[in-house]
Amino acid sequence: MVSEIRITPSILNADFSQLNSEILKISEVADLLHLDVMDNVFVPNFTFDFQAASEIIAQSALPVDAHLMVANVDQIAIDYANLGCASVTVHAEATKNIKQTLRGIRSAGSRASLGIKPGTDIDLYEEFVDEIDMFLIMTVEPGFGGQKFMQDMMTKVRRTREIIGDRPIWLQVDGGISMSTIEYALDAGADTFVVGSAVFNDPDPAAMVEKIRKHAHDHSHK
Ligand code: DX5
Ligand code: ZN
């Protein structure tokens, strides 16, 4: 049973030409802003370079949860932490020195988060658990919003919850989360939810965040 639920909307499906006003729409109701950084190398899509991301982070009305889907992430992860991100996620598949990078993120003042792609085994990373403030389990292949939730990832979410035990580590799921899929992730032990298209394709993004949060809260207290 999770005690606290966090909703971290992704702006990947928001209108990039007016991001500030898109972010403002959810700033009263979201916990963090999930910023998907893609380099067209680690994933077949590009979103922001460091300069553009820095401007978004500096202007964001919400604390930023940076999800770095970039190759050779070790150094740039520290640069993102130094920008003042609340949380920085590096993908296990993109790091050369996981422990050093996670420690570097923490010492720059951000929460250190480890992301895991659908094809990657979580057990390989259990040994780093004490360096980690959040696990991000991908529930789609990273790269694009609007994909179908991979329900078969729930075994991995459950296993991650076991690895976490009673440590105060957040467990985030990312990809295809909506009113109809969040229950599966909650039941498996997730407590932090990226929601992209379900929020920004809705005519009222803030109302949708609140609706999803209430639904998650009601479901977890059943
Ligand atoms: C995908 C991104 C996700 C994506 C989620 O690679 O990491 O954060 O924006 O969008 P939805 O909720 O539409 O799957
Ligand atoms: Zn993401």
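The figures here come from the full heavy-atom set of this structure, side chains too, leaving out hydrogens, waters and symmetry mates. For ligands, and for the atoms within them, numbers begin at 1 and follow the listed sequence.
Ligand 1 lies less than 4.0 angstrom from a heavy atom belonging to Gly176.
Not one N or O of Val195 is nearer than 3.5 Å to an N or O of ligand 1, by distance alone. Where the criterion is an N or O separation shorter than 3.5 Å, residue side chain and backbone included, Gly143 meets it with respect to ligand 1.
The protein heavy-atom contact nearest to atom 12 (O) of ligand 1 is Gly196 N, 2.8 Å. Among all protein heavy atoms, the one lying closest to atom 2 (C) of ligand 1 is Asp36 OD1, 3.4 Å. Among protein heavy atoms, the minimum distance from atom 1 (C) of ligand 1 is reached at Phe144 O, 3.6 Å. Protein heavy atom at the shortest distance from atom 13 (O) of ligand 1 is Ser197 OG, 2.5 Å. Scanning all protein heavy atoms for the shortest distance to atom 8 (O) of ligand 1 gives Asp174 OD1, 2.7 Å.
Seen from the Zn ion (ligand 2), atom NE2 of His34 and atom OD1 of Asp36 lie 90° apart in angle, a value rounded to 10°. Put simply, the angle at the Zn ion (ligand 2) from OD2 in Asp174 to ND1 in His67 is close to 90°, to the nearest 10°.
Looking at Arg159 and Glu162, a side-chain N of the basic residue comes within less than 4.0 Å of a carboxylate O on the acidic one, giving a salt bridge. Of the charged side-chain nitrogens involved, at least one lies within less than 4.0 Å of a carboxylate oxygen, so that Arg161 and Asp191 count as a salt-bridged pair. A salt bridge between Arg158 and Asp187 is absent, with no side-chain N of the basic residue lying under 4.0 Å from a carboxylate O of the acidic one. A salt bridge does not link Lys148 with Glu141: every distance from a Lys NZ or Arg NE/NH1/NH2 to an Asp or Glu carboxylate oxygen is 4.0 Å or more.
Less than 4.0 angstrom separates some heavy atom of Ser10 from each of these atoms of ligand 1: 8 (O), 9 (O). Below 4.0 Å from some heavy atom of Gly175 lie the following atoms of ligand 1, by number and element: 14 (O). Proximity to Met38 (heavy-atom distance under 4.0 Å) selects the following atoms of ligand 1: 6 (O). For ligand 1 and Pro142, the ligand atoms under 4.0 Å from any heavy atom of the residue are 6 (O).
Residues Tyr80 and Phe50 place their aromatic rings such that the two centres sit under 6.0 Å apart.
A donor-acceptor pair under 3.5 Å is absent between the side-chain atoms of Thr8 and the main chain of Leu33, judged by distance alone.
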